There are 2 protein chains.
Amino acid sequence: MAKLFHEYKNPSLAVDLVIFGYHDNTLSVLLLNRKEEPFKDCWTLPGGFLQMEETFLGTCYRILKTKTGMDDVFLEQLYSFDNPGRDPRGRVIAVGYYALINPARFNIIAGSMANDVKWFDVHKMPKLGFDHRDIFQLALQRLKSKILYDPVGFELLDELFTITELHELYECILETTIDRRNFRRKILDAEYVINTGTKREGLQNRHPELYKFNKKLKKNSFQINVNVS
Amino acid sequence: MAKLFHEYKNPSLAVDLVIFGYHDNTLSVLLLNRKEEPFKDCWTLPGGFLQMEETFLGTCYRILKTKTGMDDVFLEQLYSFDNPGRDPRGRVIAVGYYALINPARFNIIAGSMANDVKWFDVHKMPKLGFDHRDIFQLALQRLKSKILYDPVGFELLDELFTITELHELYECILETTIDRRNFRRKILDAEYVINTGTKREGLQNRHPELYKFNKKLKKNSFQINVNVS
DNA sequence: TTACTTCACGTTAAAATGACGCAAACAGGT
DNA sequence: ACCTGTTTGCGTCATTTTAACGTGAAGTAA
């Protein structure tokens, strides 16, 4: 080798996060308002550069911790983005991850945060800096297909939830109507959830039963069908 | 900023390819025997470093061209690998891609190549250098789940093929038996293929009809079911 | 009590699936 | 020309799954 291994010039490596939260029957994404160039005053996905000794997940948690105060959330790698023009400062590769969190767990609900960190309804997204719109859209698409066969919905809900709440979550994410009774049957037959025997008390009508996620659920044991548009 | 943007030290970025080929009812992967350290004389996936101005696909095609003489193949990004110890030379991030090719199109069939480039049956893989076994296994898993709902099988076959050939491909990749007649019905109902009206002549018994892939096939129009182990 | 809402559990017709049967088409031998 | 063995293409049918919808019990508010 003519040069030493690390003397070659390498692209920078960033990790960008699509953080999904569900609250008040709305699926939202957490965005940051940038204080520096490039894209100063633009909304962007939270992100950061990979440190030399860091893993992707290490970077993810560092971003989550410093910018939002969160930890211990569902994270999954999405895709790596290599468009040479995606960052005006130079060549930056972005590894996209998406997170599913329950905003209530972290006391960060829509509107309650600082001016520069905000939840946006996935249907009311502002213009995003970099190629973050592409990353966001891929993440949303991934989430939509994932909940059809993988029980990730509970990541967005409280520990205990009703079937109706799970049903509303599915309708919200998939942007379609799913028959209430067929949904219940499918979820119960698949043993997606476990009845806790308790009921939600309060202002509602008939008190619904509370369920929790069945952690022993085997993979691919259910498949929701929807009319894909 | 204290430093100029590109003065930060960055991990190197490599692209590694899992190249699948199907021949004689066998699914194989193309491996390279390394001539240099590290992993000298070990079998590894073809790979290369991302050049500063290059896209991932650019790197993929450069590797394909220089090491195997191929071009114009199906390629899809698989996953990015960040294990800090994966390359003994230092920190190297690998972006995995997998390719589906028809070996016959490139006159490279099992055994016909140089000593340092060879097809290996996916069931008879040698020990691999780096973390390439992980990359390979993820690619195989991806392929297995992908052919269940996405018509990628034809990428591995000739332009014209019989239903039986497609059926054998599915059984080979999924490592299971699928009822011949039910498979035919599903593939035809989904309009996965178009009957060309011609038949394969030759040494066989009843001459089977030749089909080609239906390029206008809409997404998610079929779903093969298998007994997952 | 009545009116209204949600929740839990059924019912039924239509569609999809899985497990087969069978005859036509072909090669090769007698 | 006839028989034999194999592959191919099409069909049948019992069972399962799905989609669409009914209904009464449990609760709140008036």
Side-chain angles (χ1 to χ4, degrees), chain A residues 24-25 147-149 157-158 160-172 174 176-212 214 218 220-229, chain B residues 24-25 147-149 157-158 160-172 174 176-212 214 218 220-229:
Chain A
D24 279 342
N25 234 305
I147 57 165
L148 298 180
Y149 62 88
L157 297 175
D158 292 340
L160 299 184
F161 51 87
T162 66
I163 303 272
T164 299
E165 284 162 7
L166 187 63
H167 176 238
E168 284 173 345
L169 172 67
Y170 271 76
E171 290 196 331
C172 174
L174 296 171
T176 183
T177 56
I178 303 171
D179 184 271
R180 194 169 34 94
R181 294 144 292 187
N182 293 337
F183 179 82
R184 163 186 297 273
R185 179 166 30 133
K186 200 141 204 176
I187 292 296
L188 291 178
D189 286 355
E191 300 181 274
Y192 184 117
V193 292
I194 298 169
N195 193 326
T196 63
T198 58
K199 295 177 187 240
R200 186 182 297 289
E201 312 289 336
L203 307 176
Q204 21 231 324
N205 298 309
R206 179 171 177 173
H207 296 172
E209 294 172 345
L210 285 169
Y211 291 81
K212 62 181 177 182
N214 176 9
K218 53 195 179 303
N220 291 94
S221 57
F222 74 102
Q223 169 73 43
I224 305 279
N225 300 300
V226 293
N227 300 344
V228 188
S229 56
Chain B
D24 280 342
N25 234 305
I147 57 165
L148 298 180
Y149 62 88
L157 298 174
D158 293 339
L160 299 184
F161 51 87
T162 67
I163 302 272
T164 299
E165 284 161 7
L166 188 63
H167 176 239
E168 284 172 345
L169 172 67
Y170 270 76
E171 289 196 332
C172 174
L174 297 171
T176 184
T177 55
I178 304 170
D179 184 88
R180 188 170 43 91
R181 294 145 291 190
N182 293 337
F183 178 83
R184 164 185 295 275
R185 181 180 46 189
K186 199 138 203 177
I187 291 296
L188 291 178
D189 286 356
E191 299 180 273
Y192 185 118
V193 291
I194 298 168
N195 193 326
T196 63
T198 57
K199 295 177 186 235
R200 187 182 296 290
E201 312 289 335
L203 307 175
Q204 20 230 324
N205 299 309
R206 178 169 179 175
H207 295 173
E209 294 172 343
L210 285 169
Y211 291 81
K212 62 181 178 183
N214 175 9
K218 53 196 179 301
N220 291 94
S221 56
F222 73 102
Q223 169 74 43
I224 305 280
N225 300 298
V226 293
N227 301 343
V228 188
S229 57

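Residue numbers start from 1 in every chain, and the chains themselves are labelled A, B, ... in the order their sequence lines are given, proteins ahead of strands. Since we're looking at a predicted model, the values are computed, not measured.
Both Q223(B) and N205(B) lie close to DNA chain C; mapped to their nearest nucleotides by heavy-atom distance, the more 5′-ward contact belongs to Q223(B).
Among the atoms of the strands shown, only primed sugar atoms or phosphate atoms (P, OP1, OP2) are found under 4.0 Å from some heavy atom of L203(A). Backbone-only engagement by T164(A) is indicated by non-hydrogen atom pairs under 4.0 Å involving sugar-phosphate atoms exclusively.
Boundaries of the chain B contact region on DNA chain C are dT17(C) to dA27(C), first to last in 5' to 3' order (nucleotide atom under 4.0 Å from a heavy atom). For DNA chain D, the span of nucleotides reached by chain B at under 4.0 Å from its heavy atoms goes, 5' to 3', from dG5(D) to dT12(D).
Under the side-chain contact (heavy atoms from CB on, under 4.5 Å) rule, I224(B) has a single partner from I147(B), N182(B), L148(B), which is L148(B).
Taking all atoms of both residues into account, the shortest heavy-atom contact from R184(B) to Y211(B) is NH1-OH, 4.3 Å. Minimum heavy-atom separation, S221(A) to A190(A): O-CB, 3.7 Å. Summarising the geometry of Q223(A) relative to Y149(A), their closest heavy-atom pair is OE1-CB, 3.8 Å, with the distance given to 0.1 Å.
Using five terminal pairs a side, the axes of the helix from dT1(C)-dA30(D) to dT30(C)-dA1(D) at its two ends make an angle of 10°, given in steps of 10 degrees.
The distance from atom CD of E171(B) to atom CG of L166(B), rounded to the nearest 0.5 Å, is 11.0 Å. Note: L210(A) CG to K199(A) NZ = 10.0 Å, rounded to the nearest 0.5 Å. To the nearest 0.5 Å, the span separating OG1 on T164(B) from CD on Q204(B) amounts to 9.0 Å. From N25(A), atom CG reaches atom CD of E165(A) across 10.0 Å, with rounding to the nearest 0.5 Å.
More than 12 non-hydrogen atoms from other residues, nucleotides or ligands lie less than 6.0 angstrom from NZ of K186(B). The environment of E191(A) atom CD is sparse: at most 12 non-hydrogen atoms of other residues, nucleotides or ligands sit within 6.0 angstrom.
A heavy-atom distance below 4.0 Å to DNA chain D is reached by these residues of residues 176-184 of chain B, ordered by number: R180(B), R181(B), R184(B). Heavy-atom distances under 4.0 Å link DNA chain C to no residue of residues 185-196 of chain A.
The ring-ring contact (aromatic ring centres under 6.0 Å, His included) search around F183(A) returns H167(A), Y170(A), not counting sequence neighbours.
For the 3.5 Å distance criterion, the side chains of N195(B) and E209(B) qualify, holding a donor opposite an acceptor. T196(A) and T198(A) share a side-chain donor-acceptor pair at under 3.5 Å.
No side-chain donor-acceptor contact under 3.5 Å links D158(B) to the backbone of L160(B).
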